[in-house]
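We name chains A, B, ... by the order of the sequence lines, and we start the count at 1 in each one.
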Amino acid sequence: MSTVNFTFDGKQYSGQKGESLASALLRNGVLHFTDSSYKDRPRGVMGLWVEEPNALVNIDSGAGEPMVMSTTIEIVDGLVARSSQGVGDLPDTRDNSRYDKVNRHVDVLVVGAGTAGLEAAKKYSDQGKSVIVVDDKPAAGGHLVYLGQAVPADLLSVLDRENVTYLPRTTVQGLYDQGYSVATERRTDHLDSKVHTEMSRIRTWHIRADHTVLATGAFQRHLVFANNDRPGIMLSHSAATYVSNGANPFKSAVVVTVDNQGYRDAVRLSQAGVTVNAIVDIRNNPSGPSVEAAKAAGIEIITGKTAIDTCEKEDGTVKCVSVGNPDGSDAACIDGDLIAVSGGWTPVVHLATFVGIKPTWDAKLAAFVVKHSDSLTSTAGMLAGDFGGDDNAEIFFGPTLTTEQALVAFVDYQRDATYRDFKRAIDAGMRSIEHVKRYTAIGTAHDQGKTSGTVTMGLIGQAIGKAPDEIGSLTFRPPYITIPFAALAGRDRGLLSDPERTTPIHAWHVASGAPMEDVGQWKRPWYFPKSGENMHAAVLRECAAVREGVGVMDASTLGKIDIQGKDAGQFLDMIYTNMFSTLKVGMSRYGLMCGVDGMVFDDGVTTRISENHWLMTTTTGGAAKVLDWLEEWLQTEWPHLEVYCTSVTEQISTVAIVGPKSRELMSRLAPALDVSNEAFAFMENKHADVAGVPARIARISFSGELAYEINVPAIYGLHIWEAVMSQGADLNITPYGTETMHVLRAEKGFVIVGQETDGTQTPDDLDMSWIVSKKKDDFIGKRSFSRADTARDGRHQLVGILADDGSYVIPEGAYIVAGADANTAPPVKHIGYITSSYDSAALGRSFALALVANGLARKGEKIAIPMADRVVTGVITDSVFVDKENTRRDG
Amino acid sequence: MLHIPCPYCGPRDETEFHYGSEAHVAYPENSANLTDEEWAKFVFIRSNPKGWMAERWVHSAGCRRWFNVWRNTINHEFGPSYKPFTQQPKSPA
Ligand SMILES: [Zn+2]
């Protein structure tokens, strides 16, 4: 056994390689590990493994990690740990470790490599099934390892078989529907640090198993008596295991028990050289081989009594336990620097409850067990109530306590929750474990009630005279133990956490210094500031340039769906509210889509490329949703229609040149093209070479200005953009971003789906009744327009709002109140809210769009907008602010 | 995470799919002739049973095809899946 050196709270210690930090500290005589979270009471280690409620540490070496149970850390040379008083602190340094993920399908997943788990693995492996055995400890064998006994070779060798994968140090964190589980494998913390760069520190396994065997074992639990938290008071199985491995700071012990486990542990303590002064058993007539063995070892047995209170030494560790009747009477002290408590076994039911399997109460074992077997999940070992040995336990959780004793009798150590806290919950009428938990915070710490859960259920039962299973059942939620976020993220960090979509012109935007706006996964230039310009100045300049000269925008992100087939026109007539089947080849039309509920769903321009070939554009964020929508109708309602849809968003670059001087620029870019209004009308499409590239040019406008959208194969996008910039240089061509696009369209009263709409607006609500066909027999949403609620008076309708103070830009989302005086007596009824709001170069003032109840009939009415620091007054107007007569679109 | 049997691709993880609500709720052919109540029933009302239910899924990140499948709403167990406009298999109940 090699020796390793480590540091705890600034002091150097040495321990044995492979043992836990808690074990090594006990070996060095350390009993006082930390102080409790809220009450500053000295605390030591209670448990052996992840049930540990007290002994938390921060790890400052290696990757560093806050709030880890010292019982689960395998010490390595150079380990630096610091006691943690309930609150962890993250290391300041960057964690350069790798974290990985792996997916596996398997016939059988076995959780737990104790005897029961190994037997299950053997059974399924013998049948030729593929098996993964997951176990959270460093070595297989479960309790046999703790008892220092050899694991039968025929079982251990199963782990080496071809069809068996064994994952030690791996914790199944969650079990979900249909055999899906997530496990975290700790791969490097127990190794020398130089290995860390070559291997991932934690690997997260996503396992799908046809069948899952839960053989998760059990934890011992404590009893609730006064001062049951002093260092030196431990769970008996833990104490006996540490001590048997030579981590023995104790001279004498008292074992306090409700079952025969206490007797077995007493014998082990005695064999390891600890003088066991007494076994104190709540039962009157204990029996069985374990009891006989303790008697044979000469240990005094006191029956019918239990621990009531403890006394401390000067250093705060335990000195003796006062033992009396369960009602607290006749108590007298017995010395022991170890008080070893055996409060019964608590099977690890977590994974079973994750998938809705309810534990049942076994009164003989005083334990919630899960005896379950179906095609997906089965249980084995202690979880299934197979405790072995000669166990039968008293259903007992602690003695009657005085008020003073209750204040220091701990139910949940980490939360410093006492019997007094528990009693207050009961007195307040709480009966369910879920209510008591929320009233007291019991079971809400890092350990999520691994030891305190059943204790609390039992105490409720004791308090109101019911069996624990009459109280309800324990329910846990994943994760089983705490997981570093880094392990869940794996390699999905930075750019890999969410894909970034960029257009072929993106590099130009970045080089120009444009800040980016996230639109879904797309990166779009927000505005193009000149040096020293802020956003407001840049946007006013860009807007003015478009309205007075010519601007250029990268519109490549618009969703594009190629639609082909002889029934495409008929199909589009059902999808859009307006008519498409009559559209002439080479023409584009703006369309609005609604759901069956009649609410606006998406919009865009669709072009008839040829008789049976169409190109639909959607909103940038709505492209995937719209394609799913089209497919849903084609596949599930109208399979007889011959229509094929393909996303071509990424295949086409779109460069829009916009403004009164765009005609001049267009003629320079495509000299062969007749750009006159007569030859190339609004909503027409023309094919021509643009800067040497075959292009489809569309006269479409989202600003109200004369505009040409140049569509080319994506790889030519940057080439066209650069040609536009150079050919337009003397026209003061001005690139503009999403913000200017938004201002320009709002000035024209054009809505943005998702900004002016939230899924509750009909076309009428948006003042767009003109786009709803009266000729078509049916289209999606039509029937809903005449529903009582859709057709009722008082719906929110799209209007414009002008604040009286034109220098004030009303915040989007602000509520609108009727009348000029917002100081009327409450309740003040709001009549709508602002959806878009900007400063406008064209208007020389601010303006806004809003949804207002009955808004279309209220134009000219005064309104008020109460803000935190002022009341803004204004007037309801038409939603179109610029060029109501559409005179500008033809140049 | 559910394990959903796509009738075209086989069983795949839930993250590849989008949900499409109850199956066999056909779009009414004569919507104009329906009363408000009948129309609202089509738009808003679903049977929402406790137990076996035939529902629609689309394998968005796979074959992009819609299909129907039996699912037990109590324990998320899947029964047979089937293509649209084919004979519906019997409920596993
Ligand atoms: Zn598929």
Query raised in the report: Pick from A/Arg787, A/Lys782, A/Glu632, A/His206: which one has the most heavy-atom pairs with chain B under 4.5 Å?
Result: A/Glu632

Query raised in the report: What part of A/Ala788 is in contact with chain B, defined as an atom under 4.5 angstrom from a non-hydrogen atom: side chain, backbone, both or neither?
Result: both

Report task. Decide if atom NZ of A/Lys776 counts as having more than 12 heavy atoms of other residues, nucleotides or ligands within a radius under 6.0 Å. Result -> yes

Requested in this report: Would you name the heavy atoms of B/Tyr27 and A/Ile780 that are closest together and state the gap between them?
Outcome: OH-CA, 4.2 Å

Query raised in the report: If you count heavy-atom pairs under 4.5 Å with chain A, which of B/Glu14, B/His18, B/Glu77, B/Arg56 comes out on top?
Result: B/Arg56

Query raised in the report: Where does B/Ser60 contact chain A at under 4.5 Å (heavy atoms): side chain, backbone, both or neither?
Result: side chain

Requested in this report: Work out which heavy atom in B/Phe78 is nearest to a heavy atom in A/Gln178; give both atom names and the distance.
Outcome: CD1-NE2, 3.0 Å

Query raised in the report: So which heavy atom on A/Gln635 is nearest to which on B/Phe85, and how close?
Result: O-CE1, 3.3 Å

**Report entry** Which portion of A/Asp778 sits near chain B, non-hydrogen atoms under 4.5 angstrom
**Finding:** side chain

Query - Among the listed options B/Asn68, B/Asn75, B/Leu34, the residue most often paired with chain A at heavy-atom distances under 4.5 Å - result: B/Leu34

Query raised in the report: Around atom CG of A/Asp777, are there more than 12 heavy atoms of other residues, nucleotides or ligands at under 6.0 Å?
Result: no

Query raised in the report: A/Thr636 and B/Trp66: which non-hydrogen atoms are nearest, and at how many Å?
Result: CG2-CB, 3.6 Å

**Report entry** Heavy-atom pairs under 4.5 Å with chain B, option from A/Gly595, A/Gly179, A/Pro639 with the top count
**Finding:** A/Pro639

Query - Contact winner vs chain A - B/Asp13, B/Val43, B/Val58, B/Asp36, heavy-atom pairs under 4.5 Å - result: B/Asp36

**Report entry** Exercise: identify the closest heavy-atom pair between B/Trp39 and A/Val596
**Finding:** CZ2-O, 3.6 Å

Report summary line: Assert top hit (heavy-atom pairs under 4.5 Å, partner chain A, pool B/His76, B/Met1, B/Arg64) equals B/Met1

Query - A/Lys625, NZ atom: more than 12 neighbouring heavy atoms under 6.0 Å - result: yes

**Report entry** Segment of A/Leu627 engaging chain B (4.5 angstrom heavy-atom cut-off)
**Finding:** side chain

